[in-house]
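What follows is a short report on a single structure.
Along the sequence shown, the residues carry numbers beginning at 1. These numbers come from a predicted model, not from an experiment.
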Amino acid sequence: MADIIEFEKRRQQQQSEKTNGLTEEKLEVLKKVLQCARCQLKCSRCGTQIEQPEDRQHSPLPYPLCSGCIDEYKVYLELTTGAAGGKSYWHNQEWIEIWRTWLQHQKALDHYRNSKEFIKLLHEFEGLW
């Protein structure tokens, strides 16, 4: 009798391990959404390391940008407001579309972070940090 496997106990243990794994996975995703997406040490557009904060240019957007992306964003603004022509041959309609959709994506992330569901998720994991 000592060798009988308690199936119900084993099933509950497996379910508990699975639930704990999902919780850890959710925590990791939450950390990435909160920390990595708004890291002040990397460009939010191209991902390159940004040098010392006091040495970098101030981003015209609420997202940290490297100096190269700041320059490209300024060109994007000029092209979309009709202020000037493109500075380089690659500043074409597809390039403008990339910037436009990237800006939309950033706004969508901001809206998600401010949603009541995301805030509820933060409260659920508050004690686990």
Side-chain angles (χ1 to χ4, degrees):
M1 283 301 230
D3 294 335
I4 295 176
I5 299 172
E6 296 181 35
F7 288 112
E8 183 59 26
K9 184 177 179 180
R10 179 69 181 143
R11 188 189 66 74
Q12 288 175 352
Q13 182 181 4
Q14 287 176 337
Q15 183 64 33
S16 176
E17 288 172 2
K18 184 177 178 181
T19 302
N20 288 339
L22 288 175
T23 301
E24 289 174 19
E25 184 178 320
K26 286 181 182 180
L27 269 176
E28 194 60 36
V29 169
L30 184 60
K31 284 181 185 179
K32 287 178 183 177
V33 170
L34 288 175
Q35 295 172 345
C36 299
R38 287 292 178 256
C39 178
Q40 296 297 310
L41 301 176
K42 69 175 186 148
C43 177
S44 60
R45 182 148 191 288
C46 70
T48 60
Q49 184 84 19
I50 295 178
E51 297 304 319
Q52 297 296 325
E54 57 273 358
D55 294 340
R56 70 174 186 217
Q57 298 179 29
H58 180 67
S59 175
L61 294 169
Y63 322 112
L65 295 174
C66 66
S67 59
C69 287
I70 288 173
D71 292 342
E72 291 287 291
Y73 176 69
K74 289 176 182 176
V75 173
Y76 167 78
L77 286 178
E78 290 173 359
L79 290 171
T80 56
T81 60
K87 293 182 178 181
S88 301
Y89 66 90
W90 66 83
H91 295 142
N92 58 17
Q93 288 301 318
E94 291 79 11
W95 179 87
I96 291 171
E97 183 67 9
I98 289 170
W99 268 99
R100 186 186 68 73
T101 55
W102 180 80
L103 290 167
Q104 284 180 329
H105 177 72
Q106 295 305 309
K107 288 177 185 175
L109 285 173
D110 289 341
H111 287 136
Y112 176 64
R113 283 188 200 97
N114 293 322
S115 71
K116 63 182 179 182
E117 294 82 5
F118 186 76
I119 292 169
K120 180 182 177 185
L121 180 64
L122 286 177
H123 292 298
E124 287 178 12
F125 287 108
E126 208 168 58
L128 300 175
W129 297 91

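Annotation: side chain of L109 is in contact with side chain of Q106 (closest heavy-atom distance under 4.5 Å).
In the hydrophobic cluster analysis, where Ile, Leu, Val, Met, Phe, Trp and Tyr join through side-chain heavy atoms closer than 4.5 angstrom, L77 is grouped together with L61.
Contact check on D110 versus K107 returns no salt bridge, with no Lys/Arg side-chain nitrogen under 4.0 Å from an Asp/Glu carboxylate oxygen.
Between L65 and R45, the closest heavy-atom pair is CD2-CB, 3.9 Å. The two residues S44 and Y63 make their nearest non-hydrogen contact at OG-CB, 3.1 Å. Residues P64 and K42 share a closest heavy-atom pair of CG-O, 3.6 Å. Nearest heavy-atom pair across H91 and L79 is CB-CD1, 3.8 Å.
At a cut-off of 3.5 Å, with distance as the only test, a side-chain donor of W95 or E72 sits close to an acceptor on the other residue.
Qualifying side-chain hydrogen bond (donor to acceptor under 3.5 Å, both in side chains) partners for N92, counting only residues two or more places apart in sequence or in other chains: E94. For Y76, there are no side-chain hydrogen bond (donor to acceptor under 3.5 Å, both in side chains) partners, not counting sequence neighbours. Q104 pairs by the side-chain hydrogen bond (donor to acceptor under 3.5 Å, both in side chains) definition with R100, not counting sequence neighbours.
Note that OH of Y73 and CD of E78 are 11.5 Å apart. Values are rounded to the nearest 0.5 Å. Taken from CD1 in I96 to CH2 in W99, the straight-line distance is 12.0 Å, to the nearest 0.5 Å.
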